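What you see is a predicted model; the values in this text were computed from it and never measured. No hydrogens, no waters, no symmetry mates; every other heavy atom, side chains included, goes into these values. To find a chain, count down the sequence lines: A is the first, B the second, and so on, and within it residues start at 1.
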Number of protein chains: 2
Amino acid sequence: MGDEMKIPQATAKRLPLYYRFINNLYLQGKLRVSSKELSDAVKVDSATIRRDFSYFGALGKKGYGYNVEHLLQFFRRTLDQDETTEVALIGVGNLGTAFLNYNFMKNNNTKIVVAFDANDRLVGTEIGGVPVAHIDDLEEKMGNVSVAILTVPSQEAQGITDRLVERGVSGILNFTPARISVPPTVRVHHIDLSVELQSLAYFLKHYPL
Amino acid sequence: MGDEMKIPQATAKRLPLYYRFINNLYLQGKLRVSSKELSDAVKVDSATIRRDFSYFGALGKKGYGYNVEHLLQFFRRTLDQDETTEVALIGVGNLGTAFLNYNFMKNNNTKIVVAFDANDRLVGTEIGGVPVAHIDDLEEKMGNVSVAILTVPSQEAQGITDRLVERGVSGILNFTPARISVPPTVRVHHIDLSVELQSLAYFLKHYPL
DNA sequence: CTAACTTTGTGAAATCCATCACGTTTTTTG
DNA sequence: CAAAAAACGTGATGGATTTCACAAAGTTAG
């Protein structure tokens with residue numbers, strides 16, 4: 001594993017974005033790309049892109065740019081694109097349903113393999129090709145997925161989280177407004193939709209561009 | 001307007017989060033709260049919370065903490081909670097529908113007032129209390145909303161964005177994987193669901209906790 | 001009232017990140 | 001082939017943010 005453990009987190013967060021755009025270029029048949037072109041596409045400063053890539057060594061050639069196929073293969077390896085990460089989704093409400101129907105597998109190595117909900121009307125059905133099980137059977141039916149998407153009502157968030165952690169989940173994408181507590185070995189990414197909307201509104205009013 | 005234009009962006013992004021938790025405390029009848037307690041609740045370091053608050057002056061009292069009601073009133077003013085920001089939603093697919101059904105107005109000063117889609121079957125209906133209009137009538141029916149939520153297919157993203165910008169929208173919450181181009185006077189926040197999921201997977205594999 | 005305790009607000013240090021600026025290498029053009 | 005242009009990789013810089021750590025001020029208990 002880790003050749004390079006020293007990649008800045010900010011860089012790591014951009015890698016999947018780079019990967020997607022490089023893949024698009026590849027599909028379009030482009031052979032080479034410069035940091036400037038990539039910058040226009042992903043809206044990240046070209047110097048930042050070069051810096052990001054440089055953490056992995058010299059991927060480009062001076063005066064030429066980057067070879068698209070080479071870059072793509074590199075990112076595929078780095079992002080483990082050949083190995084699918086299996087994901088469980090907890091809470092098949094509006095948002096959960098949207099994710100199940102969303103085709104995450106397009107340019108993506110993550111796949112929702114099972115969903116859980118407390119609503120008996122949903123249990124046993126399939127949504128977006130994913131079977132829905134009862135939340136009571138969580139421990140029994142979640143297999144060995146290590147990542148969970150949490151789209152339950154906030155009140156349930158901590159309780160479910162505790163069960164997920166107990167079951168060995170090591171990453172949680174939390175869409176509930178609740179800030180959940182986990183042991184230090186578990187990573188949580190929060191996506192708080194109303195905070196995003198409110199902070200956008202705040203920026204608009206107080207940080208005129 | 002701006003008494004203090006010098007609040008760090010990182011702080012500004014946390015304000016809505018603080019607001020929500022302080023509101024919860026208020027509803028629970030708590031009279032005071034320390035930065036340490038708040039830290040446990042929102043999972044932000046207590047020194048960071050104190051620093052954040054300090055940009056607005058001395059909101060607390062040494063040895064005591066912060067008076068919940070006072071804090072709440074302060075944040076309500078600061079975040080313009082009394083003035084609702086009207087929002088338009090473009091693209092009533094799975095994700096868009098989820099947002100329409102989601103009750104954004106709970107502890108929130110933003111409200112989706114109109115939605116647009118190209119599907120004639122949806123046009124004229126109401127979802128989550130929000131009327132759906134045809135995308136062709138965008139200019140005519142969006143009133144003077146200044147914020148838009150973009151949940152259209154990526155291919156449409158740039159075209160719709162151009163029309164929104166032309167119509168005077170100054171903030172866009174972009175849920176499409178496309179990186180849209182806007183003039184420098186328009187603020188865009190990207191929420192890229194598959195990037196979030198992939199980067200979480202990457203962190204899990206490469207940044208063991 | 002005093003002593004022990006609590007908690008803020010903030011200098012100072014540390015960290016993290018983005019960007020500039022340019023030497024170097026390669027490509028392209030004439 | 002020579003000169004001009006393109007574009008990388010990176011040292012250095014500056015800016016933003018987080019965190020430490022502690023004096024000052026207030027609270028609580030006896």
Once you round it to whole Å, what is the distance between [atom2] of [N] and [atom1] of [X]?
X       : N      : atom1 : atom2 : value
B:Ile49 : D:dT18 : CD1   : C1'   : 13 Å
B:Lys62 : D:dG26 : NZ    : P     : 8 Å
B:Asp52 : D:dT17 : CG    : C1'   : 10 Å
B:Gln9  : D:dG15 : CD    : P     : 15 Å
A:His70 : D:dC8  : NE2   : P     : 14 Å
B:Phe53 : D:dT18 : CZ    : P     : 14 Å

Determine whether more than 12 heavy atoms belonging to other residues, nucleotides or ligands lie under 6.0 Å from atom OH of A:Tyr26. no

Counting only heavy atoms not in A:Glu139, do more than 12 sit closer than 6.0 Å to its CD atom? yes

What distance separates A:Tyr18 OH from A:Leu72 CG, expressed to the nearest 0.5 Å? 15.5 Å

Euclidean distance, A:Lys13 NZ relative to A:Asp52 CG, rounded to 0.5 Å: 12.5 Å

Scan residues 32-41 of chain B against DNA chain D and write down, sorted by residue number, each residue with any heavy atom closer than 4.0 Å; if none is found, say none. B:Arg32

Using a heavy-atom cut-off of 4.0 Å across all strands, would you classify A:Tyr66 as base, sugar-phosphate, or nothing? sugar-phosphate

Could you list the protein-to-nucleotides 20-22 of chain D atom pairs, N/O on both sides, closer than 3.5 Å?
{"from": "D:dA21", "atom 1": "N6", "to": "B:Arg50", "atom 2": "NH2", "distance (Å)": "3.4"}

B:Lys30: what forms a side chain to side chain donor-acceptor pair (under 3.5 Å) with it, not counting sequence neighbours? B:Glu37

The answer to which of A:Ala58 and A:Gly63 contacts DNA chain D further toward the 5' end, by nearest nucleotide, is A:Gly63

Taking all atoms of both residues into account, what is the closest heavy-atom pair of B:Tyr202 and A:Thr78, and its distance? CE1-O, 3.5 Å

First contact, last contact: which nucleotides of DNA chain C are these for chain A, 5' to 3', heavy-atom distance under 4.0 Å? C:dC17 to C:dT28

Residue pairs involving residues 143-162 of chain B (criterion ring pair (Phe, Tyr, Trp, His ring centres under 6.0 Å); sequence neighbours excluded): none

By the ring pair (Phe, Tyr, Trp, His ring centres under 6.0 Å) test, which pairs, at least two apart or in different chains, include something from residues 138-159 of chain A? none

May I ask you to establish whether A:Arg32 and A:Tyr64 are in a cation-pi arrangement, using a distance under 6.0 Å from NZ or CZ to the six-membered ring centre and at most 45° from the ring axis? yes

Sidechain N-carboxylate O distance under 4.0 Å for A:Arg163, A:Glu156: no

Begin with the C-alpha distance, continue with both residues' side-chain angles, and end with the deciding distance and a verdict on side-chain contact (heavy atoms from CB on, under 4.5 Å) for B:Leu89 and B:Leu100. CA-CA 8 Å; B:Leu89 181 142; B:Leu100 293 177; 4.3 Å; yes

Looking at B:Lys61, I'd like to know whether one of its side-chain N or O atoms comes within less than 4.0 Å of OP1 or OP2 on D:dT27. yes

